[in-house]
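These notes are about the structure you will find just below.
When reading the values below, keep in mind they use all heavy atoms of this one structure, side chains included, and skip hydrogens, waters and symmetry mates. Throughout, a chain's letter reflects where its sequence line sits, starting with A, and its residues are numbered from 1. Because the structure is a prediction, the values reported are computed rather than measured.
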Amino acid sequence: MYALADCNNFYASCERAFEPRLEGRPVVVLSNNDGCVVARSQEAKDVGIGMGEPAFQCRDRFDRHQVVVRSSNYTLYDDMSRRVVRSISEFVPDIEIYSIDEVFLDLRPLGNPVATSLCQTIRDRVKQWTGIPISIGIAPTKTLAKLANRIAKKDPTTHGVFQLPKNDPDRALALDSVDVGDVWGVGSRWGARLRGLGVRSALDLARMPVEDLRKRFNVVAQRTALELRGVVCQDLEDVAPPRKTLVRSRSFGDMVTNFEQLSEAVANHAVRAAEKLRSEGGTAGQVSVFFSTNRFRDDLPQYHGGGTVELLPATASTPIILREAMRLTRFAWRQGFHYKKAGVMLGDLSFGEIQGGLFNTQDHEHDDRLMAALDEVNRKMGAGTLRPAATGVTAKGWRMKREHCSPKYTTSWRELPFAKT
DNA sequence: TCTGGGGTCCTAGGACCC
DNA sequence: TCTGGGGTCCTAGGACCC
């Protein structure tokens, strides 16, 4: 048996955990740049605010229902996520961290009869220790655990924990209650195509001939259907496979029309990407730069530019990555467009042993020591204390909007919450 | 005026190898 | 009348996830 523990309305719940007065009120959290709604409390869902809706289209509803609006505070959410995971690991050692708000649990070593009551205990403790409400679904495959979790969230009689029934008629009933588009692995495109074939529910999908799915869709769709039948196709990944790419990108607060501002933004992304890569102990064999205009502005000419170069030898050195990123930017730059977004992607990553080139006689020790010193200063004195001049000093034009951000309650001494007596 | 950011996997087709 | 067989690697596009 597997279980999926999923935090309810995670970002909104994090905001609430430190501001109890938000309990019972509609709360939404916006994406970077205060652009779209990315999390909603139950009350916000109830007044019809959709996932992913642009904030400016919700303004009236925000006012009408006195919705509490927050910019996203990933420093807080990352730390709260860590706390939730640590709490769950006290009870179940074999886990897979699937996303910032989801954890798969391997219940196989534990035996079946205790599963539901154990998960009920986990749910209560996580709430008590972190303030975050979670729901847990229990089933023989990950896809079914996802489905069971959905039922645990929707049906109040489950009290947040639902184990998929073992006997056939009851299980069929549960599967039939879930829309095919809500199955893990079925997105909006496949959902529409499946409905066109008369497949409405998770049960219909489970009963579809898998060879058909393989032919019409692909092997991923076939696996999804098998998992719905209780055939394990995806095991728990308790050690995370090394990442293959690392991206840092942002939309700009305002449109950018001149080269200096754009290259400043790219420089910042390059520096942050290199820092992140070093913090994970990796090196990159490839760096890409990309920038683009605002795709929603049909009245303006569109342009997507960028390029990629190899890094030989692979490196995580800020000066080298920055130099290459700046070269790519100069090369791909076109005058006369209104730019809205830029980013840097590091690829061909390796972790552990660095691949040395046959003709590489360069000495990296100097660079490694320099980067270690840089990271140490920034760790002690605050991010960005030491940085290349190319990253600029004003962030004019491209700085992102973040007008409703809560404090870093759990990671900054200066921002600790106060309890008033 | 205002529309996020960061990932993975699969498939098909083309280039290239012997 | 007639033009092999078997492979790998890379890329772009499309789908999915949170």
Side-chain angles (χ1 to χ4, degrees), chain A residues 4-11 28-39 50-60 62 69-74 77-78 81 96-104 142-143 146 149-150 180-194 213-224 227 233-234 237 240-255 269 272-273 276-277 280 286 288 290 292-300 304 306 308 310 338 340-349 400-404:
Chain A
L4 175 69
D6 188 326
C7 301
N8 302 348
N9 318 323
F10 183 54
Y11 300 166
V28 302
V29 177
L30 304 181
S31 63
N32 281 324
N33 242 338
D34 291 344
C36 295
V37 173
V38 290
M51 181 63 178
E53 272 199 81
F56 74 91
Q57 288 174 5
C58 302
R59 292 287 170 220
D60 286 351
F62 288 167
V69 178
R70 291 279 180 268
S71 305
S72 38
N73 181 350
Y74 289 105
Y77 310 150
D78 282 337
S81 173
E96 172 191 339
I97 300 171
Y98 176 68
S99 76
I100 194 167
D101 70 338
E102 287 167 279
V103 181
F104 282 106
K142 286 168 128 183
T143 305
K146 271 272 195 186
N149 185 287
R150 210 193 143 69
V180 68
D182 293 328
V183 171
W184 189 41
V186 178
S188 60
R189 298 264 163 50
W190 288 2
R193 276 175 63 192
L194 283 164
L213 282 164
R214 167 98 217 215
K215 273 192 218 115
R216 289 174 191 270
F217 298 84
N218 62 17
V219 66
V220 179
Q222 182 181 27
R223 281 202 285 259
T224 295
E227 286 237 321
C233 303
Q234 307 189 62
E237 288 184 10
R243 67 154 87 232
K244 299 177 173 174
T245 58
L246 193 164
V247 175
R248 281 296 173 270
S249 73
R250 285 286 178 279
S251 298
F252 305 137
D254 297 310
M255 303 264 233
H269 298 321
R272 299 210 319 121
K276 176 75 175 163
L277 184 59
E280 296 180 359
Q286 202 176 277
S288 309
F290 54 89
S292 58
T293 48
N294 187 340
R295 67 188 206 280
F296 296 104
R297 292 290 297 269
D298 341 328
D299 55 324
L300 292 174
H304 299 252
T308 301
E310 309 295 314
H338 292 67
K340 184 58 183 172
K341 180 176 178 165
V344 168
M345 176 157 91
L346 302 180
D348 198 6
L349 304 186
M400 74 169 174
K401 290 198 180 72
R402 220 176 170 220
E403 287 172 0
H404 319 280

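A:Asn33 meets the side chain to side chain contact (heavy atoms under 4.5 Å, CB included) test with A:Ser251, A:Met400, A:Lys401; sequence neighbours excluded. Taking A:Tyr74 as the reference, A:Tyr11, A:Tyr77 meet the ring pair (Phe, Tyr, Trp, His ring centres under 6.0 Å) condition, with sequence neighbours excluded. Under the side-chain hydrogen bond (donor to acceptor under 3.5 Å, both in side chains) criterion, A:Gln57 pairs with no residue at all, not counting sequence neighbours.
Taking for each of A:Asn294 and A:Leu246 the nucleotide of DNA chain B with the nearest heavy atom, the 5'-most of the two is the partner of A:Asn294.
At the heavy-atom level, A:Lys146 lies under 4.0 Å from the strands shown only through sugar-phosphate atoms. The residue A:Phe217 sits apart from the nucleic acid: no heavy atom pair falls under 4.0 Å. Counting non-hydrogen atoms under 4.0 angstrom, A:Glu102 reaches the backbone sugars and phosphates but no base. At the heavy-atom level, A:Arg214 lies under 4.0 Å from the strands shown only through sugar-phosphate atoms. Here A:Thr245 lies in heavy-atom contact (under 4.0 Å) with sugar-phosphate atoms only. Counting any heavy atom pair closer than 4.0 Å across all strands shown, A:Asn32 reaches sugar-phosphate atoms only and no base atom.
We find that A:Arg223 and A:Glu227 are not joined by a salt bridge, their nearest charged nitrogen and carboxylate oxygen being 4.0 Å or further apart.
Side chain of A:Ser249 to backbone of A:Ala342: no donor-acceptor contact under 3.5 angstrom is found. Proximity of a side-chain donor or acceptor of A:Arg402 to a complementary backbone N or O of A:Ser72 within less than 3.5 Å is detected. In this structure, A:Arg216 contributes its side chain and A:Arg193 its backbone to no donor-acceptor pair below 3.5 Å. Here the side chain of A:Asn218 pairs a donor or acceptor atom with the backbone of A:Ala221 at under 3.5 angstrom.
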Under the rule of Watson-Crick or G-U wobble with both distances under 3.5 Å, where | means paired to another strand and [ ] a crossing pair, DNA chain B maps to ....||||||||||||||
- [ ] Might you work through the side-chain contact (heavy atoms from CB on, under 4.5 Å) test for A:Val103 and A:Glu96, ending with a clear yes or no?
- [x] CA-CA 6 Å; A:Val103 181; A:Glu96 172 191 339; over 6 Å; no
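Annotation: side chain of A:Lys340 is not in contact with side chain of A:Arg297 (no heavy-atom distance under 4.5 Å).
For DNA chain C, the span of nucleotides reached by chain A at under 4.0 Å from its heavy atoms goes, 5' to 3', from C:dA15 to C:dC18.
Of all the residues in residues 181-190 of chain A, not one reaches under 4.0 Å from DNA chain B with any non-hydrogen atom.
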